[in-house]
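Predicted model only: the values in this text are computed from it and were never measured. Quick note on labels: first sequence line is chain A, next is B, and so on, each numbered from 1.
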2 protein chains.
Amino acid sequence: MNPCKNHKACTNEALKNAEEICKKKGVKLTKLRETVLRLVWKSHGYVKAYDLLEDLKKIDNSAKPPTVYRSLDFLLEHGFIHKIQSLNAYVGCGHPNTHDNCYFLICNECQNIEEHCSKNINDIVTNTSEKINFLPNKITLEISGTCKECS
Amino acid sequence: MNPCKNHKACTNEALKNAEEICKKKGVKLTKLRETVLRLVWKSHGYVKAYDLLEDLKKIDNSAKPPTVYRSLDFLLEHGFIHKIQSLNAYVGCGHPNTHDNCYFLICNECQNIEEHCSKNINDIVTNTSEKINFLPNKITLEISGTCKECS
DNA sequence: AAGTAAATGTTATATTATAACATAATTGAT
DNA sequence: ATCAATTATGTTATAATATAACATTTACTT
Ligand SMILES: [Zn+2]
Ligand SMILES: [Zn+2]
Ligand SMILES: [Zn+2]
Ligand SMILES: [Zn+2]
(Lines give C-alpha, C1' and ligand atoms only; values in the text may rest on other atoms or scores of the structure.)
(Ligands and ions follow the chains in the order given, each with its own letter.)
Protein backbone atom coordinates (compact mmCIF):
# COMPACT_ATOMS: atom_id res chain seq x y z
CA MET A 1 0.00 0.00 0.00
CA ASN A 2 1.02 3.56 -0.69
CA PRO A 3 3.36 4.51 2.14
CA CYS A 4 2.33 8.14 2.31
CA LYS A 5 3.89 9.89 5.25
CA ASN A 6 0.72 11.38 6.59
CA HIS A 7 -2.53 10.12 5.25
CA LYS A 8 -4.63 12.53 7.26
CA ALA A 9 -2.95 15.22 5.21
CA CYS A 10 -3.87 13.43 1.95
CA THR A 11 -7.46 13.17 3.07
CA ASN A 12 -7.69 16.72 4.30
CA GLU A 13 -6.24 18.06 1.11
CA ALA A 14 -8.71 16.05 -0.94
CA LEU A 15 -11.56 17.37 1.16
CA LYS A 16 -10.29 20.92 0.94
CA ASN A 17 -9.94 20.65 -2.84
CA ALA A 18 -13.45 19.30 -3.12
CA GLU A 19 -14.84 22.11 -1.01
CA GLU A 20 -13.11 24.73 -3.10
CA ILE A 21 -14.16 23.26 -6.39
CA CYS A 22 -17.74 22.92 -5.22
CA LYS A 23 -17.77 26.53 -4.12
CA LYS A 24 -16.33 27.59 -7.47
CA LYS A 25 -18.91 25.52 -9.35
CA GLY A 26 -21.79 26.54 -7.14
CA VAL A 27 -22.64 22.99 -6.14
CA LYS A 28 -23.01 21.63 -2.66
CA LEU A 29 -20.66 19.31 -0.85
CA THR A 30 -23.26 18.28 1.67
CA LYS A 31 -22.43 16.59 4.96
CA LEU A 32 -23.34 13.23 3.46
CA ARG A 33 -21.25 13.68 0.33
CA GLU A 34 -18.34 14.89 2.41
CA THR A 35 -18.63 11.86 4.66
CA VAL A 36 -18.66 9.50 1.70
CA LEU A 37 -15.66 11.24 0.18
CA ARG A 38 -13.86 10.92 3.49
CA LEU A 39 -14.69 7.21 3.59
CA VAL A 40 -13.40 6.72 0.04
CA TRP A 41 -10.20 8.32 1.18
CA LYS A 42 -9.70 5.99 4.10
CA SER A 43 -6.71 4.68 2.14
CA HIS A 44 -5.01 4.92 -1.23
CA GLY A 45 -6.63 1.66 -2.15
CA TYR A 46 -9.90 1.19 -3.92
CA VAL A 47 -13.17 0.80 -2.08
CA LYS A 48 -16.30 -1.11 -2.97
CA ALA A 49 -19.69 0.55 -2.80
CA TYR A 50 -21.17 -1.92 -0.35
CA ASP A 51 -18.16 -1.65 1.92
CA LEU A 52 -18.72 2.09 1.95
CA LEU A 53 -22.32 1.36 2.82
CA GLU A 54 -21.20 -0.70 5.82
CA ASP A 55 -18.89 2.09 6.90
CA LEU A 56 -21.63 4.62 6.47
CA LYS A 57 -24.05 2.54 8.50
CA LYS A 58 -21.69 2.80 11.45
CA ILE A 59 -22.28 6.54 11.29
CA ASP A 60 -25.93 6.49 10.29
CA ASN A 61 -27.62 3.16 10.60
CA SER A 62 -30.37 4.12 8.19
CA ALA A 63 -27.99 4.34 5.21
CA LYS A 64 -29.10 2.33 2.18
CA PRO A 65 -27.64 1.59 -1.25
CA PRO A 66 -29.05 4.74 -2.88
CA THR A 67 -27.51 6.80 -0.08
CA VAL A 68 -24.08 5.62 -1.15
CA TYR A 69 -24.64 5.48 -4.89
CA ARG A 70 -26.06 8.99 -5.06
CA SER A 71 -23.08 10.38 -3.25
CA LEU A 72 -20.74 8.38 -5.44
CA ASP A 73 -22.52 9.71 -8.51
CA PHE A 74 -22.06 13.27 -7.31
CA LEU A 75 -18.41 12.71 -6.48
CA LEU A 76 -17.79 11.04 -9.84
CA GLU A 77 -19.61 13.77 -11.73
CA HIS A 78 -17.40 16.43 -10.26
CA GLY A 79 -14.20 14.42 -10.55
CA PHE A 80 -13.50 13.94 -6.85
CA ILE A 81 -13.36 10.20 -7.25
CA HIS A 82 -12.89 7.77 -10.11
CA LYS A 83 -14.58 4.48 -10.83
CA ILE A 84 -12.27 1.57 -11.53
CA GLN A 85 -14.25 -0.26 -14.15
CA SER A 86 -12.32 -3.49 -14.06
CA LEU A 87 -13.03 -3.83 -10.36
CA ASN A 88 -16.39 -2.16 -9.88
CA ALA A 89 -14.67 -0.06 -7.28
CA TYR A 90 -13.95 3.54 -6.47
CA VAL A 91 -10.90 5.57 -5.58
CA GLY A 92 -10.25 9.14 -4.56
CA CYS A 93 -8.80 11.47 -7.17
CA GLY A 94 -5.56 13.05 -6.06
CA HIS A 95 -5.64 15.97 -8.47
CA PRO A 96 -9.24 16.84 -9.17
CA ASN A 97 -8.40 20.13 -10.83
CA THR A 98 -6.62 18.52 -13.73
CA HIS A 99 -7.77 14.98 -14.07
CA ASP A 100 -7.81 14.53 -17.80
CA ASN A 101 -5.89 11.74 -19.48
CA CYS A 102 -5.81 9.74 -16.30
CA TYR A 103 -4.94 6.12 -16.00
CA PHE A 104 -4.63 3.80 -13.09
CA LEU A 105 -1.99 1.37 -11.87
CA ILE A 106 -3.71 -1.14 -9.68
CA CYS A 107 -1.78 -3.44 -7.38
CA ASN A 108 -3.39 -6.85 -7.14
CA GLU A 109 -1.62 -7.55 -3.87
CA CYS A 110 -2.26 -4.48 -1.73
CA GLN A 111 -5.16 -2.83 -3.61
CA ASN A 112 -3.19 0.37 -3.90
CA ILE A 113 -4.06 2.54 -6.86
CA GLU A 114 -1.74 5.05 -8.39
CA GLU A 115 -3.28 7.57 -10.68
CA HIS A 116 -1.14 8.86 -13.50
CA CYS A 117 -1.72 11.31 -16.28
CA SER A 118 -0.07 11.41 -19.63
CA LYS A 119 -0.60 13.28 -22.82
CA ASN A 120 0.63 10.11 -24.52
CA ILE A 121 -2.65 8.40 -23.92
CA ASN A 122 -4.42 11.05 -25.83
CA ASP A 123 -1.87 10.75 -28.61
CA ILE A 124 -2.57 7.07 -29.12
CA VAL A 125 -6.26 7.64 -28.97
CA THR A 126 -6.18 10.62 -31.28
CA ASN A 127 -4.00 8.83 -33.78
CA THR A 128 -6.29 5.87 -33.97
CA SER A 129 -9.41 7.94 -33.85
CA GLU A 130 -8.47 10.21 -36.68
CA LYS A 131 -7.47 7.28 -38.80
CA ILE A 132 -10.89 5.68 -38.52
CA ASN A 133 -13.00 8.78 -37.90
CA PHE A 134 -13.98 7.82 -34.41
CA LEU A 135 -15.01 10.61 -32.07
CA PRO A 136 -13.62 9.67 -28.67
CA ASN A 137 -15.50 10.70 -25.59
CA LYS A 138 -14.32 8.75 -22.56
CA ILE A 139 -11.09 6.85 -22.06
CA THR A 140 -10.68 4.02 -19.58
CA LEU A 141 -7.13 2.82 -19.03
CA GLU A 142 -6.49 0.50 -16.14
CA ILE A 143 -3.31 -1.45 -15.62
CA SER A 144 -3.31 -4.14 -13.00
CA GLY A 145 -0.17 -5.77 -11.71
CA THR A 146 2.16 -5.66 -8.75
CA CYS A 147 3.48 -2.48 -7.18
CA LYS A 148 7.01 -1.79 -6.03
CA GLU A 149 6.24 -2.49 -2.37
CA CYS A 150 4.62 -5.84 -3.12
CA SER A 151 7.13 -7.25 -5.59
CA MET B 1 -22.77 -0.79 -36.69
CA ASN B 2 -19.84 -2.35 -38.52
CA PRO B 3 -20.92 -2.68 -42.14
CA CYS B 4 -19.07 -5.88 -42.85
CA LYS B 5 -19.92 -7.29 -46.24
CA ASN B 6 -20.68 -10.75 -45.06
CA HIS B 7 -21.11 -11.36 -41.42
CA LYS B 8 -21.61 -15.06 -41.75
CA ALA B 9 -18.04 -15.11 -43.01
CA CYS B 10 -16.85 -13.17 -39.95
CA THR B 11 -18.60 -15.62 -37.69
CA ASN B 12 -17.43 -18.69 -39.50
CA GLU B 13 -13.88 -17.49 -39.47
CA ALA B 14 -14.05 -16.81 -35.75
CA LEU B 15 -15.44 -20.28 -35.19
CA LYS B 16 -12.84 -21.87 -37.41
CA ASN B 17 -10.05 -20.02 -35.61
CA ALA B 18 -11.39 -21.11 -32.27
CA GLU B 19 -11.56 -24.72 -33.38
CA GLU B 20 -8.01 -24.67 -34.63
CA ILE B 21 -6.63 -23.01 -31.55
CA CYS B 22 -8.47 -25.41 -29.31
CA LYS B 23 -7.10 -28.35 -31.24
CA LYS B 24 -3.61 -26.91 -31.01
CA LYS B 25 -3.97 -26.34 -27.27
CA GLY B 26 -5.65 -29.66 -26.61
CA VAL B 27 -8.76 -28.11 -25.10
CA LYS B 28 -12.31 -28.73 -26.11
CA LEU B 29 -14.62 -26.40 -27.94
CA THR B 30 -17.72 -28.26 -26.87
CA LYS B 31 -21.08 -27.85 -28.54
CA LEU B 32 -22.19 -25.50 -25.78
CA ARG B 33 -19.09 -23.34 -25.94
CA GLU B 34 -19.34 -23.17 -29.68
CA THR B 35 -22.96 -22.15 -29.46
CA VAL B 36 -22.16 -19.39 -27.00
CA LEU B 37 -19.29 -18.18 -29.17
CA ARG B 38 -21.64 -18.12 -32.13
CA LEU B 39 -24.15 -16.12 -30.13
CA VAL B 40 -21.49 -13.62 -29.08
CA TRP B 41 -20.71 -13.22 -32.75
CA LYS B 42 -24.26 -12.44 -33.74
CA SER B 43 -22.93 -8.95 -34.50
CA HIS B 44 -19.86 -6.77 -34.15
CA GLY B 45 -21.51 -5.14 -31.18
CA TYR B 46 -21.13 -6.13 -27.60
CA VAL B 47 -23.45 -8.57 -25.89
CA LYS B 48 -24.59 -8.81 -22.31
CA ALA B 49 -24.41 -12.09 -20.45
CA TYR B 50 -28.10 -12.24 -19.63
CA ASP B 51 -29.03 -11.48 -23.22
CA LEU B 52 -26.89 -14.43 -24.23
CA LEU B 53 -28.74 -16.45 -21.65
CA GLU B 54 -32.05 -15.51 -23.25
CA ASP B 55 -30.70 -16.44 -26.67
CA LEU B 56 -29.39 -19.69 -25.32
CA LYS B 57 -32.70 -20.52 -23.71
CA LYS B 58 -34.31 -20.40 -27.13
CA ILE B 59 -32.03 -23.27 -28.05
CA ASP B 60 -32.03 -25.09 -24.72
CA ASN B 61 -34.67 -23.94 -22.30
CA SER B 62 -32.80 -25.35 -19.34
CA ALA B 63 -29.92 -22.89 -19.69
CA LYS B 64 -29.08 -21.01 -16.52
CA PRO B 65 -26.61 -18.27 -15.56
CA PRO B 66 -23.74 -20.67 -14.86
CA THR B 67 -24.28 -22.23 -18.27
CA VAL B 68 -23.46 -18.91 -19.88
CA TYR B 69 -20.83 -17.72 -17.46
CA ARG B 70 -18.85 -20.93 -17.66
CA SER B 71 -18.75 -20.77 -21.41
CA LEU B 72 -17.83 -17.10 -21.28
CA ASP B 73 -15.03 -17.95 -18.84
CA PHE B 74 -13.69 -20.57 -21.19
CA LEU B 75 -13.89 -18.27 -24.20
CA LEU B 76 -12.23 -15.45 -22.28
CA GLU B 77 -9.50 -17.71 -20.96
CA HIS B 78 -8.54 -18.76 -24.44
CA GLY B 79 -8.86 -15.31 -25.95
CA PHE B 80 -11.84 -15.99 -28.23
CA ILE B 81 -13.79 -13.16 -26.69
CA HIS B 82 -13.00 -10.09 -24.63
CA LYS B 83 -14.80 -8.59 -21.70
CA ILE B 84 -15.58 -4.89 -21.98
CA GLN B 85 -15.10 -3.83 -18.40
CA SER B 86 -16.76 -0.44 -18.69
CA LEU B 87 -19.95 -2.08 -19.93
CA ASN B 88 -20.00 -5.47 -18.26
CA ALA B 89 -20.32 -6.87 -21.71
CA TYR B 90 -18.59 -9.24 -24.08
CA VAL B 91 -17.37 -9.11 -27.65
CA GLY B 92 -15.84 -11.58 -30.06
CA CYS B 93 -12.12 -11.30 -30.71
CA GLY B 94 -11.34 -10.83 -34.37
CA HIS B 95 -7.73 -11.96 -34.20
CA PRO B 96 -7.42 -14.49 -31.41
CA ASN B 97 -3.98 -15.62 -32.45
CA THR B 98 -2.38 -12.30 -31.68
CA HIS B 99 -4.52 -10.43 -29.26
CA ASP B 100 -1.94 -8.69 -27.15
CA ASN B 101 -1.98 -4.94 -26.65
CA CYS B 102 -5.61 -4.74 -27.60
CA TYR B 103 -7.87 -1.82 -27.03
CA PHE B 104 -11.44 -1.15 -27.89
CA LEU B 105 -13.30 1.65 -29.61
CA ILE B 106 -16.88 1.50 -28.44
CA CYS B 107 -19.62 3.37 -30.23
CA ASN B 108 -22.24 4.64 -27.80
CA GLU B 109 -24.79 4.93 -30.58
CA CYS B 110 -24.67 1.60 -32.38
CA GLN B 111 -22.84 -0.59 -29.83
CA ASN B 112 -20.26 -1.47 -32.41
CA ILE B 113 -16.85 -2.35 -31.06
CA GLU B 114 -13.67 -2.06 -33.02
CA GLU B 115 -10.70 -3.87 -31.61
CA HIS B 116 -7.30 -2.36 -32.29
CA CYS B 117 -3.82 -3.33 -31.34
CA SER B 118 -0.86 -1.10 -30.89
CA LYS B 119 2.60 -1.50 -29.54
CA ASN B 120 2.24 2.12 -28.39
CA ILE B 121 0.04 1.05 -25.56
CA ASN B 122 2.75 -1.11 -24.22
CA ASP B 123 5.19 1.72 -24.60
CA ILE B 124 3.21 4.04 -22.40
CA VAL B 125 2.67 1.33 -19.89
CA THR B 126 6.26 0.18 -19.91
CA ASN B 127 7.54 3.72 -19.56
CA THR B 128 5.40 4.45 -16.57
CA SER B 129 5.91 1.06 -15.07
CA GLU B 130 9.65 1.16 -15.20
CA LYS B 131 9.71 4.61 -13.71
CA ILE B 132 7.80 3.51 -10.65
CA ASN B 133 8.76 -0.15 -10.55
CA PHE B 134 5.31 -1.43 -11.25
CA LEU B 135 5.01 -4.90 -12.75
CA PRO B 136 2.15 -4.72 -15.22
CA ASN B 137 0.03 -7.77 -15.77
CA LYS B 138 -3.22 -6.84 -17.49
CA ILE B 139 -4.10 -3.75 -19.47
CA THR B 140 -7.61 -2.51 -19.98
CA LEU B 141 -8.04 0.27 -22.52
CA GLU B 142 -11.52 1.16 -23.61
CA ILE B 143 -12.46 4.25 -25.56
CA SER B 144 -16.09 5.09 -25.87
CA GLY B 145 -17.41 7.63 -28.31
CA THR B 146 -19.11 7.84 -31.68
CA CYS B 147 -18.10 5.85 -34.71
CA LYS B 148 -17.83 7.06 -38.27
CA GLU B 149 -21.21 5.67 -39.30
CA CYS B 150 -23.02 7.30 -36.40
CA SER B 151 -21.46 10.75 -36.49
C1' DA C 1 -15.36 -52.26 -17.41
C1' DA C 2 -13.82 -49.42 -13.78
C1' DG C 3 -11.89 -45.29 -12.29
C1' DT C 4 -10.82 -40.51 -12.99
C1' DA C 5 -11.24 -35.93 -14.71
C1' DA C 6 -13.81 -32.57 -17.18
C1' DA C 7 -18.05 -30.62 -18.39
C1' DT C 8 -22.67 -29.62 -17.55
C1' DG C 9 -27.01 -29.41 -14.73
C1' DT C 10 -29.31 -27.36 -10.86
C1' DT C 11 -30.39 -24.71 -6.81
C1' DA C 12 -29.34 -21.10 -4.24
C1' DT C 13 -27.27 -16.86 -3.19
C1' DA C 14 -23.85 -13.05 -3.47
C1' DT C 15 -22.71 -8.67 -5.46
C1' DT C 16 -23.51 -4.41 -7.83
C1' DA C 17 -26.74 -0.94 -9.10
C1' DT C 18 -31.12 1.55 -10.14
C1' DA C 19 -36.31 2.64 -10.30
C1' DA C 20 -39.95 4.72 -8.14
C1' DC C 21 -42.08 7.27 -4.97
C1' DA C 22 -42.16 9.89 -0.29
C1' DT C 23 -40.31 13.40 2.59
C1' DA C 24 -37.29 17.05 3.98
C1' DA C 25 -34.22 20.91 3.27
C1' DT C 26 -32.70 24.77 0.52
C1' DT C 27 -33.27 28.41 -2.61
C1' DG C 28 -35.14 32.34 -4.53
C1' DA C 29 -38.83 35.13 -6.12
C1' DT C 30 -42.86 37.67 -4.54
C1' DA D 1 -42.03 36.00 5.80
C1' DT D 2 -44.60 33.01 2.38
C1' DC D 3 -45.04 30.16 -1.24
C1' DA D 4 -43.31 27.58 -5.10
C1' DA D 5 -39.76 25.26 -7.16
C1' DT D 6 -35.69 22.81 -6.96
C1' DT D 7 -32.43 19.89 -4.82
C1' DA D 8 -31.25 16.43 -1.60
C1' DT D 9 -32.30 12.62 1.14
C1' DG D 10 -35.20 8.70 2.90
C1' DT D 11 -37.33 4.35 1.89
C1' DT D 12 -38.98 0.25 -0.38
C1' DA D 13 -38.50 -2.64 -3.89
C1' DT D 14 -36.30 -4.75 -7.61
C1' DA D 15 -33.07 -5.07 -11.60
C1' DA D 16 -28.72 -6.62 -13.39
C1' DT D 17 -24.44 -9.05 -12.95
C1' DA D 18 -21.99 -12.95 -11.21
C1' DT D 19 -20.51 -16.96 -8.32
C1' DA D 20 -20.77 -20.91 -4.72
C1' DA D 21 -21.90 -25.39 -3.86
C1' DC D 22 -23.26 -29.71 -4.90
C1' DA D 23 -25.33 -33.35 -8.24
C1' DT D 24 -25.13 -35.63 -12.55
C1' DT D 25 -23.41 -36.69 -16.94
C1' DT D 26 -19.91 -37.26 -20.37
C1' DA D 27 -15.36 -38.17 -22.03
C1' DC D 28 -10.80 -40.19 -21.27
C1' DT D 29 -7.46 -43.38 -19.38
C1' DT D 30 -6.03 -47.57 -17.98
ZN1 LIG E 1 -2.12 9.16 1.91
ZN1 LIG F 1 -8.01 12.24 -11.54
ZN1 LIG G 1 -19.06 -9.13 -39.65
ZN1 LIG H 1 -8.16 -9.59 -29.31
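If you check distances only, the side chain of B:Tyr50 never reaches the base of D:dA15 with a donor-acceptor pair under 3.5 Å.
Within the structure, every side-chain polar atom (N or O) of B:Arg70 is placed at least 4.0 Å from both OP1 and OP2 of C:dG9. Phosphate proximity of C:dA17 to A:Asn88: present, with a side-chain N or O under 4.0 Å from OP1 or OP2. Contact between the side-chain N/O atoms of A:Lys48 and the OP1/OP2 oxygens of C:dT16 is found at a separation under 4.0 Å. For D:dA18, the OP1/OP2 oxygens have a side-chain nitrogen or oxygen of B:Lys83 closer than 4.0 Å.
Atom CD1 of B:Ile84 is separated from atom P of D:dT17 by 14 Å (rounded to the nearest Å). Summarising the geometry, the separation between CD1 on A:Ile59 and P on D:dG10 is reported as 13 Å, rounded to the nearest angstrom. Nucleotide C:dT8 holds its P atom 18 Å from the CG atom of B:Asn61, rounded to whole Å. Separating the CD atom of A:Gln85 from the P atom of C:dT16 is a distance of 14 Å, rounded to the nearest angstrom. In this entry the distance linking CG of B:Leu76 with P of D:dA18 reads 10 Å, nearest Å. Spacing between atom CD of B:Glu54 and atom P of D:dT17 amounts to 12 Å, rounded to whole angstrom units. In this structure, A:Leu29 places its CG atom 15 Å from C1' of D:dT7, rounding to the nearest Å. The NZ atom of B:Lys64 sits 19 Å away from the P atom of D:dT19 (whole-angstrom rounding).
Ring-base stacking between A:Tyr69 and C:dT18 is not satisfied when judged by a centre separation under 5.5 Å and a plane angle under 30°.
Using a 4.0 Å cut-off between charged nitrogen and carboxylate oxygen, A:Glu34 and A:Arg38 count as a salt-bridge pair.
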Show the numbers, then the answer: is there a side chain to side chain donor-acceptor pair (under 3.5 Å) between B:Tyr103 and A:Thr128? CA-CA 10 Å; B:Tyr103 60 99; A:Thr128 314; 2.5 Å; yes
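Between B:His82 and B:His95, the two ring planes are tilted [angle within 30° to 60°]. Between A:Phe80 and A:Phe74, the two ring planes are tilted [angle within 30° to 60°].
When the nucleotides D:dT9, D:dT19, C:dA7 are ranked by their closest atom to the side chain of A:Leu32, D:dT9 comes out on top. In this structure, of D:dA18, C:dG9, D:dT11, it is D:dT11 that holds the atom nearest to the side chain of A:Pro66. Which of D:dA18, D:dT11, C:dT10 sits closest to the side chain of A:Thr67 comes down to D:dT11.
No engagement by A:Phe74 is indicated, since no non-hydrogen atom pair under 4.0 Å with the nucleic acid exists. Nucleic acid contact for A:Lys31: none, since no nucleic acid atom lies under 4.0 Å from a heavy atom of the residue.
Side-chain contact check for B:Ser86 and B:Glu142: at least one donor-acceptor pair (N or O, by modelled atom type) lies under 3.5 Å.
Looking at which nucleotide of DNA chain D each of A:Lys28 and A:Ser62 is closest to, the 5′-most match is held by A:Lys28. Mapping A:Asp51 and B:Arg33 onto DNA chain C by nearest heavy atom places B:Arg33 at the nucleotide closer to the 5' end.
At distances below 3.5 Å, at least one donor-acceptor pair connects side-chain atoms of B:His7 with backbone N or O atoms of B:Trp41.
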